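Quick notes on the structure that follows.
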Amino acid sequence: MSARDAAAPLVWVPAPTAPIPPAPTAAPPPDPATAWSGPPPGAWTGGGPPLAPTLDVGSAGAGRRGRSSVLVVAAVVVATLVTGATWWVNDQVARLAPPAGLEESAGPLGTPPLASALDAGPHTFTAMQPDGSGPVAYSPCRPIHYVVRPDGAPPGGDVLIRTAVQRVSEATGLRFVDDGATSEGPTADRPAYQPDRYGRRWAPVLFTWSDAQETPGLAGDVAGTGGSATVTVDGLAVYVTGEVTLDTDELAPLVATPDGTAVAIGVVTHELAHVVGLGHVDDPAQLMYPSTNLTVTSFAAGDRAGLAALGRGACAPDV
């Protein structure tokens, strides 16, 4: 039995804001708490084509690794800056994106393992740079924060997530930071910027345990989905946050079977690999093959080669 999820990519559309009031005769000074220091308004564009369809189960009882859903950041344009009222524009823009370069270091925080230079094999990327120069990736010069909604997690669910994070971090050199638990649930239009919940920064990557009733994309034998949101500034596309949604109904029975935990870790790792930018391949020996293989539960050479390339992405101080 097989199932395919042909849903369209998710799109982030910022919530409407109040109209910009007319210029006062004497403009008050900028408010330091809301002064904008991010990229120029209108600099964002969407990122990447739709990703491959849902992964299929290799055998009964093994959950599917779902498609990687692309969350595309919509363009935000402030048409004019009214003389004497720029502080109003600053206040509005500050509601839509965080200041640029938060936690950005002068160089990468880590690098892919040296052994990855010897890895070769099939791999694909979920999105490419606008000029085709390389894959879209997270900035290696800042940590990737993540949170977990633990509601509905199977026994040992925290171990599955921690192990997947460790494996992806080791293969890419990207640094992950566990920000703990959250009450945020999965949504079809998750905002990439939630200052009321997470402060003035890009929202952390969200892991949730869910089911088909809450998340229709998990209907059938889909065990999870994963994807990231893209922001493009000055021609450089960068992932800024992402989401992994895991189906408790599929993974809970799996971890209860002999050797099922290793397969479940492979499922979560596969989805997190989608989040950092790895796509599907046609080689059944790779973890990113579209069907779950009970004998392939960790990255193979092609997977590692692709992840190493993603870990060598460009720093993004302007994002």
Side-chain angles (χ1 to χ4, degrees), residues 65 68 102-119 121 123-127 134-150 153 156-182 198 201-208 224-230 238-246 261-279 286-288 296-316 319:
R65 299 186 292 247
S68 47
L102 286 176
E103 297 187 282
E104 188 84 7
S105 299
L109 303 181
T111 58
L114 293 176
S116 66
L118 303 177
D119 288 322
H123 56 272
T124 65
F125 304 110
T126 57
V136 177
Y138 280 86
S139 169
C141 301
R142 69 178 71 175
I144 301 173
H145 291 264
Y146 72 94
V147 291
V148 179
R149 189 188 72 168
D158 57 333
V159 175
L160 304 185
I161 293 174
R162 286 202 309 270
T163 305
V165 168
Q166 179 182 0
R167 289 181 177 182
V168 171
S169 179
E170 290 175 349
T172 59
L174 297 172
R175 292 293 181 260
F176 289 80
V177 176
D178 182 357
D179 285 351
T182 182
Y198 298 114
R201 58 170 177 154
W202 294 111
V205 171
L206 173 66
F207 287 86
T208 58
T225 60
S228 280
T230 306
V238 182
Y239 291 133
V240 294
T241 187
E243 185 171 3
V244 172
T245 307
L246 303 167
T261 296
V263 178
I265 289 174
V267 170
V268 181
T269 304
H270 176 107
E271 297 307 332
L272 185 55
H274 279 318
V275 168
V276 299
L278 207 56
Q286 310 299 318
L287 186 63
M288 301 310 291
V296 180
T297 59
S298 59
F299 292 130
D303 304 315
R304 293 193 299 267
L307 290 166
L310 290 165
R312 291 191 291 267
C315 294
V319 176

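As the structure is a prediction and not an experimental result, all values here were calculated from the model.
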| query | Of all heavy-atom pairs between Ser228 and Val275, which one has the smallest distance, and what is that distance? | reply | OG-O, 2.7 Å
| task | Indicate yes or no: at least one non-hydrogen side-chain atom of Val205 is less than 4.5 angstrom from one of His145. | result | no
| query | Roughly how far, to the nearest 0.5 Å, is the CG atom of Leu109 from the CD atom of Glu103? | reply | 9.0 Å
| query | Parallel, tilted or perpendicular for Tyr239 and Tyr138, by the 30°/60° rule? | reply | tilted
| remark: d(Ile144 CD1, Asp179 CG) to nearest 0.5 Å is 12.0 Å
| task | Mind running side chain to side chain contact (heavy atoms under 4.5 Å, CB included) on Val268 and Leu246 for me, showing each step along the way? | result | CA-CA 8 Å; Val268 181; Leu246 303 167; 4.0 Å; yes
| message | When you measure from the side chain of Thr241 to the backbone of Ala203, do you find a donor-acceptor pair of N or O atoms at a distance under 3.5 Å? | response | yes
| request: Output yes when a side-chain donor or acceptor of Thr172 lies under 3.5 Å from a complementary backbone atom of Val168, and no otherwise. | output: yes
| Minimal non-hydrogen separation, Gly313 against Pro140, with atom names | O-CG, 3.1 Å
| request: Please report the closest heavy-atom contact between Glu104 and Ala316, naming both atoms and the distance. | output: OE2-N, 2.7 Å
| remark: Sequence neighbours excluded, the answer for salt bridge (Lys or Arg N to Asp or Glu O under 4.0 Å) partners of Arg312 is none
| message | I want to check something: taking the side chain as every heavy atom from C-beta on, are Ile265 and Thr297 in contact at a cut-off of under 4.5 Å? | response | no
| said: Show the nearest heavy-atom pair for residues Arg175 and Ser169, with the distance to one decimal. | reply: NH1-OG, 4.1 Å
| query | In chain order, what residues pass the ring-ring contact (aromatic ring centres under 6.0 Å, His included) check against Phe299, with sequence neighbours excluded? | reply | none
| said: Under the side-chain contact (heavy atoms from CB on, under 4.5 Å) test against Leu272, which residue among Val267, Val165, Ile161 passes? | reply: Val165
| request: Find the distance between CZ (Phe125) and CG (Leu278) and round it off to the nearest 0.5 Å. | output: 7.0 Å
| query | Taking atom CZ of Arg149 and atom OG1 of Thr245, what is their separation to the nearest 0.5 Å? | reply | 8.5 Å
| request: Would you mind checking if Arg167 and Asp303 are paired as a salt bridge, meaning a charged N to carboxylate O distance below 4.0 Å? | output: no
| task | Would you please test Leu102 and Trp202 for side chain to side chain contact (heavy atoms under 4.5 Å, CB included) and show each step? | result | CA-CA 9 Å; Leu102 286 176; Trp202 294 111; over 6 Å; no
| message | Quick check for you: to the nearest 0.5 Å, what is the distance between Leu160 atom CG and Thr269 atom OG1? | response | 8.5 Å
| Nearest atoms (heavy-atom pairs only) where Gln286 meets Ala301 | OE1-N, 3.8 Å
| task | State, to 0.1 Å, how close Cys315 and Ser139 come at their nearest heavy-atom pair, and which atoms those are. | result | CA-OG, 3.6 Å
| Beyond-backbone contact of Phe176 with Pro143, side-chain heavy atoms, under 4.5 angstrom | no
| said: side chain to side chain contact (heavy atoms under 4.5 Å, CB included), that's the test. Do His123 and Arg304 meet it? Break it down for me. | reply: CA-CA 9 Å; His123 56 272; Arg304 293 193 299 267; over 6 Å; no
| field | Derivation of the side chain to side chain contact (heavy atoms under 4.5 Å, CB included) call for Val244 and Thr225 | value | CA-CA 6 Å; Val244 172; Thr225 60; over 6 Å; no
